[in-house]
Amino acid sequence: MRQLIAGNWKMHGRLADVAAYAAALGQTPGHVDLLVCPPFPLLDRFSAALGGSVALGGQDCHAQAQGAHTGDVSASMLKDAGASYVILGHSERRENHGETNAEICGKTLAAMAAGLTPIVCVGETGTEREAGAAEEVVRTQLRHSLPSDFAGVVAYEPVWAIGTGKTPTEADVTAMHGAIRAALVAQLGAAGLTVKILYGGSVKPGNAASLLALPEVGGALVGGASLKAEDFLAIAAGAPGV
Ligand code: PGA
C-alpha cells in the first residue's frame with residue numbers, strides 16, 4: 001500500500017503563503033501520496049496552485065448536506081473547493097467543540113456520501129495511557145465513530161503526543177496499530193484490511209523514517225512540521241517505498 005503523508009495546517013496560513021508552498025511541493029517524492037489540509041479559505045487557491053498533483057482536504061465538515069448551520073461547511077462544499085479528503089474527529093475538535101463519536105460518525109457518512117475520503121482520528125489521553133486503557137479507549141472510539149460501511153482512513157493520534165515533541169515508543173505504536181487493524185477487521189470484515197492507518201503526533205523529519213517503517217503504519221498525519229514545505233517533504237522522503 002502506498003503511504004499517505006497528510007499535512008494538517010490547523011488554524012495557520014494565509015492566501016499569500018499558498019503559491020510558494022505549492023511550488024515547493026512540485027518536488028514531491030513519487031513513492032508516496034501527499035495531502036495538504038489547509039484552513040477552508042485557502043482550499044480554492046491551493047486547488048488552483050497544485051493543479052491536482054497533491055491531494056487537498058478539509059479539517060472538518062458538517063453532518064448535513066446544507067442548511068442553517070452558521071459557521072459550518074458541508075462535505076460537498078469542500079469537494080466543490082477542490083478537496084478529496086476531510087479530517088474528522090481530530091482530538092482538538094473532540095476537546096474544543098465537544099464532538100462525540102456519534103457526531104463524528106454522522107460527519108463520516110456525510111463525507112462518504114459527498115465522495116470525500118474521511119480521515120477519522122482516534123487516540124487516548126496521557127491519563128488514559130497511564131491507566132493502561134489506551135487500546136480500549138481507541139477501540140471504543142472506532143466502534144462508535146465508524147459507520148458499518150466505512151471506507152476511508154484512520155489516524156491514530158495519541159492526544160499527549162500532539163504538538164508536544166513527545167512520541168510513543170516504537171513498541172507502543174506497533175501494538176496500537178495492530179490493535180486498530182484487528183478492531184477494523186472485527187468491525188468491517190475484509191474491508192478492514194484495506195483501511196490505511198496513519199500515525200500522528202509530533203512527526204518530524206528526524207523521527208519520520210523510523211515511525212513510517214513500523215508494521216501497519218500506512219502514513220503520517222503531520223501538524224506543525226507540515227507548515228514548512230521543506231520539513232513536510234523531508235518527512236515524505238522518509239516513507240519506505242512500496
Ligand atoms: P503535530 O500535530 O504534528 O503538531 O503534533 C499532529 C496533529 O494534530 O494532526
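Every number for a ligand or one of its atoms is a count from 1 in the order of the listing. These values consider heavy atoms only, across backbone and side chains, with no hydrogens, waters or symmetry-generated copies.
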Q | Nonpolar side-chain network containing M11, other nodes, edges under 4.5 Å | A | none
Q) Is the closest basic N to carboxylate O distance between R143 and E136 below 4.0 Å? A) yes
Q) Mind checking what makes ring pair (Phe, Tyr, Trp, His ring centres under 6.0 Å) contact with Y156, not counting sequence neighbours? A) H177
Q | T127-E130 side chain donor-acceptor pair, cut-off 3.5 Å | A | no
Q. Hey, are R94 and N101 close enough side-chain-wise for a donor-acceptor pair under 3.5 Å?
A. yes
Q. side-chain hydrogen bond (donor to acceptor under 3.5 Å, both in side chains): which pairs involve residues 53-71, sequence neighbours left out?
A. D60-R93, D60-K107, H62-H69
Q | Under 4.0 Å from ligand 1 - residues by heavy atom, chain and number | A | N8, K10, H90, E157, A161, I162, G163, G201, S202, L221, V222, G223, G224
